[in-house]
Amino acid sequence: MHEAYQRVREQAKALLLANRRQGYDPHFRRPYRYTCPSPERYRWQWFWDSCFHAIVLSHWDLEQAKEELASLVSVQRPNGFIGHVIYWGRKRLLEPWAYLQSRPSLRPRHTAYIQPPVLALAVHAVFRRSEDTAFLRAMVPPLDRYYRWLAAERDPDRDGLISIISPYESGLDHKPAYDPLLGIRIPCPRSRLSVEWRYRLTDLTNLALGFSAHRALALGRFCVEDVLVNAIYAQGLYALADLHRWLGETTQADGWERQARTVEHALLAKCYDPQVEAFFDLAGRKEMPLRILTVTALFPLILPSIPKERVHRLVERHLKDPKAFWAPYPVPSVALWEPSCVPEMHWLIWRGPTWMNINWFLVRGLRRHGYREEADAITEKSIALVSREGFREFYNPLTGQGMGAHNFGWTTLVVDMVEGD
Ligand code: GLC
């Protein structure tokens with residue numbers, strides 16, 4: 001395993017270097033440097049991908065890691081918003097969906113959507129390895145603005161949990177838990193066109209509503225308190241509190257930590273289903289639970305103060321169930337027994353396959369709560385997948401077959417699973 005891992009590590013380095021893009025953007029009037037998720041399929045800068053890239057890069061190239069995050073925050077709007085895709089150095093027309101996901105413009109520079117807020121965690125990782133206080137001082141004010149924007153604009157019912165207004169904002173684009181809201185028929189939709197249309201309809205609605213979560217909630221449109229997004233949000237708020245502490249700013253640190261706890265408590269109080277012993281997303285004003293067992297249901301285990309007993313049930317009843325998440329190549333994005341789980345599905349994504357960023361989050365959470373054996377097992381299987389199949393976008397959890405994009409950036413997170421803390 002050791003030799004195999006060393007090879008994977010070298011390949012990860014080469015991949016992140018090869019996916020690096022830099023230049024000068026005449027429209028933004030600034031230089032950019034970022035790592036694209038996959039040259040063949042995703043050439044722009046993507047929000048959470050960049051955060052993952054920076055975390056991995058911090059193991060061998062702190063400058064590139066810092067530049068990655070600096071490029072991301074350099075496009076922040078004055079109100080704090082940062083879009084989920086940034087079209088650096090664009091010369092030609094964009095794909096049609098890009099216009100639907102952006103504020104009306106002939107030349108959109110970024111989308112009007114968010115992605116799971118991993119940013120503070122990424123800054124935290126890069127600062128811890130670099131101990132560069134100038135970097136910290138430069139990053140904290142934009143982080144404050146970003147997390148303030150999320151609280152103000154994305155928590156229309158003021159319960160602490162933030163809402164997403166499109167499946168794409170979850171980072172798990174076609175997660176089947178959203179199907180009932182979109183009118184997609186489970187188990188598996190047949191016609192591509194009809195499904196594509198369902199997703200685009202949400203984009204069109206958001207465009208018409210000015211990408212406002214307040215309006216989406218009031219009008220009964222797609223507005224979901226997603227468990228994965230909120231677990232990552234709470235984790236980000238804790239990280240932000242830490243960053244302020246390093247700067248000696250105790251009052252701000254305490255404020256962000258209080259907010260992190262509020263989010264964590266709201267997840268525990270509102271999203272937990274004691275019968276199933278798992279966490280479910282909540283939809284709309286009535287906060288209807290979306291009861292399809294996806295890997296999202298386990299995500300609160302990444303948080304520090306979730307009661308031991310609940311972590312235990314998540315791990316024993318769900319994660320370690322071979323019929324649910326303990327697949328030959330864990331962790332599938334949907335429980336294997338769910339009718340909507342299709343392990344070989346690739347034209348709709350996140351409907352069963354195993355993804356490395358999910359494994360990374362879970363491994364960290366498991367280690368934190370003392371489940372070392374389980375964390376090691378997932379890490380070993382992840383390394384095996386990458387050594388055999390290369391850095392693919394996702395993998396079949398039953399056979400391990402690689403699928404989706406090649407040379408996929410965040411699959412290099414396998415390095416941080418081994419070397420991170
Ligand atoms: C897919 C994923 C999304 C990711 C993007 C770029 O759309 O669902 O989470 O950010 O690809 O890699």
Side-chain angles (χ1 to χ4, degrees), residues 12 15-16 18-21 34-57 68-69 71-72 75 82-88 94-98 100-102 110-119 121-122 164-179 182 195-196 199-200 202-203 224 226-229 231-233 281 294-296 299 331-334 342 345-361 390-395 402-414:
L15 188 159
L16 291 182
N19 287 11
R20 194 168 188 198
R21 299 289 176 267
Y34 70 94
T35 312
C36 75
S38 158
E40 69 187 29
R41 193 169 294 186
Y42 306 107
R43 12 188 209 125
W44 307 115
Q45 183 169 24
W46 291 69
F47 184 94
W48 75 331
D49 300 68
S50 262
C51 296
F52 297 132
H53 298 157
I55 290 169
V56 179
L57 284 165
E68 183 87 31
L69 299 176
S71 273
L72 195 57
V75 297
I82 304 175
H84 95 298
V85 189
I86 299 146
Y87 307 113
W88 288 111
L94 295 164
E95 292 86 348
W97 57 262
L100 292 183
Q101 298 188 349
S102 310
H110 54 74
T111 65
Y113 281 158
I114 58 164
Q115 255 187 342
V118 196
L119 189 54
L121 192 67
I164 54 169
I165 54 172
S166 150
Y168 296 109
E169 292 201 317
S170 72
L172 274 56
D173 304 6
H174 307 130
K175 186 172 85 166
Y178 309 132
D179 286 0
L182 301 171
V195 174
E196 180 75 8
Y199 288 98
R200 297 309 165 201
T202 317
D203 287 341
V224 172
D226 185 278
V227 172
L228 175 142
V229 170
I232 292 175
Y233 176 49
D281 305 338
T294 69
V295 73
T296 294
F299 249 66
V331 178
S333 37
V334 181
V342 189
M345 169 69 95
H346 56 92
W347 62 272
L348 284 176
I349 55 181
W350 300 100
R351 287 186 178 249
T354 293
W355 293 69
M356 216 48 81
N357 63 335
I358 296 295
N359 285 6
W360 177 79
F361 274 113
F391 292 84
R392 297 298 298 269
E393 190 178 0
F394 46 87
Y395 302 86
M403 292 186 284
H406 293 83
N407 300 315
F408 191 68
W410 83 40
T411 302
T412 59
L413 279 169
V414 72

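We count ligands from 1, going down the list as the structure has it; atoms in each ligand are counted the same way.
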Polar contact flag, side-chain donor to acceptor under 3.5 angstrom, Tyr178-Ser170
yes
Note: ligand 1 atoms sitting under 4.0 Å from heavy atoms of Ile349 are 1 (C), 8 (O)
Which residue from Gly404, Gly409, Gly171 reaches closest to atom 9 (O) of ligand 1 through any of its heavy atoms?
Gly171
What heavy-atom pair brings Pro37 and Trp44 nearest, and what distance separates the two atoms?
CD-O, 3.2 Å
Please report which non-hydrogen protein atom sits nearest to atom 8 (O) of ligand 1, along with the residue it belongs to and the distance in Å to one decimal place.
Asp173 OD1, 2.7 Å
For Trp46, the atoms of ligand 1 under 4.0 Å from one of its heavy atoms are 5 (C), 6 (C), 10 (O)
Between Lys175 and Thr296, does any side-chain donor sit less than 3.5 Å from a side-chain acceptor?
yes
Residues at least two apart in sequence or cross-chain that pass ring pair (Phe, Tyr, Trp, His ring centres under 6.0 Å) with Phe52, listed by chain then number, are Trp48, Trp360, Phe361, Trp410
Search all heavy atoms of Trp350 against all heavy atoms of Asp173 and return the closest pair with its distance.
CD1-N, 3.2 Å
Counting from 1 in the order shown, the ligand 1 atoms closer than 4.0 Å to a non-hydrogen atom of Pro37 are 12 (O)
Does at least one non-hydrogen atom of Trp350 fall below 4.0 angstrom from an atom of ligand 1?
yes
Kindly compute the distance separating NE2 (His84) from CD (Glu169), expressed to the nearest 0.5 Å.
8.0 Å
Between Val229 and Pro116 the two heavy atoms that sit nearest each other are CG2-CG, 4.3 Å
Of all protein heavy atoms, the one nearest atom 12 (O) of ligand 1 is Asp49 OD2, 2.7 Å
Within 4.0 Å of some non-hydrogen atom of Trp48, the atoms of ligand 1 are 3 (C), 4 (C), 9 (O), 10 (O)
Run the numbers for me: atoms of ligand 1, each under 4.0 Å from some heavy atom of Gln115, listed by number.
3 (C), 4 (C), 9 (O), 10 (O)
Measure the distances from the heavy atoms of His174 to every atom of ligand 1 and state whether one is below 4.0 angstrom.
no
Does ligand 1 have an atom that lies less than 4.0 angstrom from a heavy atom of Trp410?
yes
Using the benzene-type ring in the case of Trp, are the ring centres of Phe394 and His346 under 6.0 Å apart?
no
Going by the atom numbers of ligand 1, which of them fall below 4.0 Å from some non-hydrogen atom of Phe408?
12 (O)
